[in-house]
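Written out below as structure tokens is the structure these notes cover.
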Amino acid sequence: MSRILCAIVVIFSIFGCGNDSTEAIRRGVGAECTANSECTETGQVCLTEFKGGYCGASGCVHDVDCPAGSACVTDNGQVNYCFLICADKPECNPHRTLDNESSCTSSLTFVDGAANRKVCRPPLSGT
């Protein structure tokens, strides 16, 4: 029994579990922020219009411009950003506090078409 448990622990430590292992999450897409300097990648900006901020790679033209696990979306048709792809809300918040949780939504415009996808979006900050 202990060998089986040990094997399971090894498998999860190698492959991870859930959405935490996507390239986008490893690169900080969707993380909370108050300034661009808090976002971990060059090209990411802190979108302060969202509650708690949102680190998103800016200037994408297509999904291929975004880290794996994120999609190129626009909220206003002026600037495109890479936002985390999700199926459910828990996938949206590995780098966010409870007070600033993102929701999983299809309300943004997907540059390459939604194809039944959703992305993580925190509520607007109200500022």
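Just so you know, these numbers come straight off a predicted model, no measurement behind them. What's counted below: heavy atoms across the whole structure, side chains too, no hydrogens, waters or symmetry copies.
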pair check: Cys66 + Cys60, SG-SG < 2.5 Å:
no
Between Pro122 and Asn100, what is the shortest heavy-atom contact and its length?
CB-O, 4.5 Å
For the cysteines Cys82 and Cys72, is the SG separation below 2.5 Å?
no
Could you state whether Val64 and Val111 fall into the same hydrophobic cluster, counting links through intermediate Ile, Leu, Val, Met, Phe, Trp or Tyr residues with side-chain heavy atoms under 4.5 angstrom apart?
no
Is there a donor-acceptor pair closer than 3.5 Å between any side-chain N or O of Asn80 and the backbone N or O of Val61?
no
Check the pair Cys86, Cys120 against disulfide (SG to SG under 2.5 Å), reporting the backbone distance first and the verdict last.
CA-CA 6 Å; Cys86 57; Cys120 302; 3.8 Å; no
Kindly determine whether Phe83 and Tyr54 satisfy ring-ring contact (aromatic ring centres under 6.0 Å, His included), including the steps that lead there.
CA-CA 9 Å; Phe83 272 22; Tyr54 190 100; 4.1 Å; yes
Side chain Thr105, main chain Ser107, donor-acceptor under 3.5 Å:
yes
Taking Arg27's backbone N and O only, do any of them form a donor-acceptor pair with Gln44's side chain (distance below 3.5 Å, no angle check)?
yes
May I ask you to check whether Gln78 and Thr74 show a side-chain donor-acceptor distance below 3.5 Å?
no
One should read off an interatomic distance between Leu47 CG and Cys33 SG, to the nearest 0.5 angstrom, of 6.5 Å
Does either side chain, that of Glu32 or that of Thr97, offer a donor lying less than 3.5 Å from an acceptor on the other one?
yes
Heavy-atom pair with the smallest gap, counting every atom of Thr22 and Ala68:
CB-O, 3.9 Å
Find out whether Arg121 and Leu108 are in side-chain contact, i.e. whether some heavy atom of one side chain is under 4.5 Å from a heavy atom of the other.
yes
Might you point out which heavy atoms bring Lys118 and Ala87 nearest each other, and give the distance in Å?
NZ-O, 4.0 Å
Would you tell me whether Cys46 and Cys55 have their SG atoms within less than 2.5 Å of each other?
no
Less than 4.5 Å apart, side chain to side chain, heavy atoms only: is that true for Asp63 and Phe110?
no
Take Asp112 and Arg117, measure what salt bridge (charged side-chain N to carboxylate O under 4.0 Å, His left out) needs, and give me the verdict at the end.
CA-CA 11 Å; Asp112 287 338; Arg117 295 180 297 170; 6.0 Å; no
Heavy-atom check, side chain of Pro94 versus side chain of Ile25, under 4.5 Å
yes
Quick check against the 3.5 Å criterion: does Ser125 have a side-chain atom that pairs as donor or acceptor with the backbone of Glu49?
yes
Kindly determine whether Glu101 and Arg96 satisfy salt bridge (charged side-chain N to carboxylate O under 4.0 Å, His left out), including the steps that lead there.
CA-CA 6 Å; Glu101 284 187 323; Arg96 301 190 69 81; over 6 Å; no
Just by distance, do the side chain of Ser102 and the backbone of Asn93 share a donor-acceptor pair under 3.5 Å?
no
